Amino acid sequence: MLKQLIGDSKAFDRAIAGEELSYNDGLELMNYDNLHMLGAVADIARKKLVGDTVTFAASYYMNYTNVCAASCQMCAFYRKDGANDAYTLTPEQIEQRVAIAQDMGATEVHIVGGFHPKLPLEYYEAMMRIIKKNHPNLKIKALTAAEIFYLSKLTKNSIKEILSRLKDAGLDSMPGGGAELFHPDIRGRIVRGKCSGQEWLDTIEQAHNLGIKSNVTMLYGHIEKPEHIVDHLIKIRELQKKTGGFITMIPLKFSLDNTELEQEHLVNNECSSVYDLRIIALSRLMLANILNNISVYWVAYGKKLAQVALSNGGSDLVGTAFSEEIYRAAGKPTTSSIEELATMVKEINRKPAQRDTYFNIIRNF
Ligand code: SF4
């Protein structure tokens, strides 16, 4: 009976044994037909690595500008400089918002934005200095590797120089955005004016080498094929072996509304929940020996599906995401309290815990 359920998959056998999975194994599992079994094995891997605790942070998400020199086909957020609804916050405005977030209990700020063609490096330094001066205990998780790469080109400073100066100004860690999918065949069709996959990886490697840890993401559910997903996960795994600098991997479901991919009818529907669960399970299994945390971004999934994803290999809910303009631009609800996230976790008989940016536990529920 069990053999009938499992079928004859060598890759599945290797996943059960906890072995490192090859590219071909990954492809086989992307096409493996028994999703329940795949999710169950991913869940066992999760339990072995991190137990039953489900973590989340109290995060404040802020976008300092929506002005962007790029015009990615997968993005609903960017505006051109001078557009009616374009905005750029001053460092002082950013600090005022951060002060409110800290009063709400945030332990970290997650700050990202468009590629603003006129903001100098001093703007970013001022932003970090004013936050650190007034909120020394708050962790600053800011600027994706893609933004750092753009800033390097714009200001003609090396990536190392930019990262070093931002670290001196107060940068603690970096978000994982801008990774999208590394494979050039897909990347060139979903982003326009953003660094290549290899440039993203080179930039984040330099950050890790300077002691700046980061998250990493994978944007899926648009025009990719299984091989692009597996390629992306293997590239993450290889860099993690080198630097150990990734804190968590966050699969990001493509949000369709208001994007060029939707308007050009290149993608007509968001991917299915079944596909979401396969991606979470595969992420867990491909990274099982090298990265403990697989995050379920509940903002994109909704709370009910997020609960299921936590039973398919996920171990973290990212955070409260007070204010999150990017997903809101594509029509998704975005806020939740720490208590609501804890309740979600209790409902699936797991152990909720608030964490900090580096996954140290702050509070159990
Ligand atoms: S995804 Fe980022 S880089 Fe691309 S258009 Fe949107 S804000 Fe700009």
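The model shown is predicted, which means the values in this text are computed figures rather than measured ones. Start at 1 and go down the list; that is how both ligands and their atoms are numbered.
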Worked verdict on Y32 versus M37 for side-chain contact (heavy atoms from CB on, under 4.5 Å): CA-CA 9 Å; Y32 184 69; M37 294 301 287; 4.2 Å; yes
Aromatic ring pairing H222/F254, orientation class (parallel under 30°, perpendicular over 60°, tilted between): perpendicular
Nearest-contact summary for atom 6 (Fe) of ligand 1 - protein heavy atom, Å: C75 SG, 2.3 Å
Distance-only side-chain donor-acceptor flag, T144 / E147, under 3.5 Å: yes
Verdict with reasoning, E205 to T243, per side chain to side chain donor-acceptor pair (under 3.5 Å): CA-CA 7 Å; E205 182 173 349; T243 68; over 6 Å; no
Per-atom contacts of ligand 1 with Y78, taking only distances under 4.0 Å to non-hydrogen atoms: 5 (S)
Under-4.0 Å heavy-atom contact with ligand 1, by part of C68 that carries it: side chain
Check: H228 ring centre within less than 6.0 Å of F182 ring centre: no
Atoms of ligand 1 close to F115 [distance to a heavy atom under 4.0 angstrom, numbered from 1]: 3 (S)
Nearest protein heavy atom with distance in Å, relative to atom 4 (Fe) of ligand 1: C72 SG, 2.4 Å
Closest protein heavy atom to atom 1 (S) of ligand 1, given as residue, atom name and distance to 0.1 Å: K194 NZ, 3.5 Å
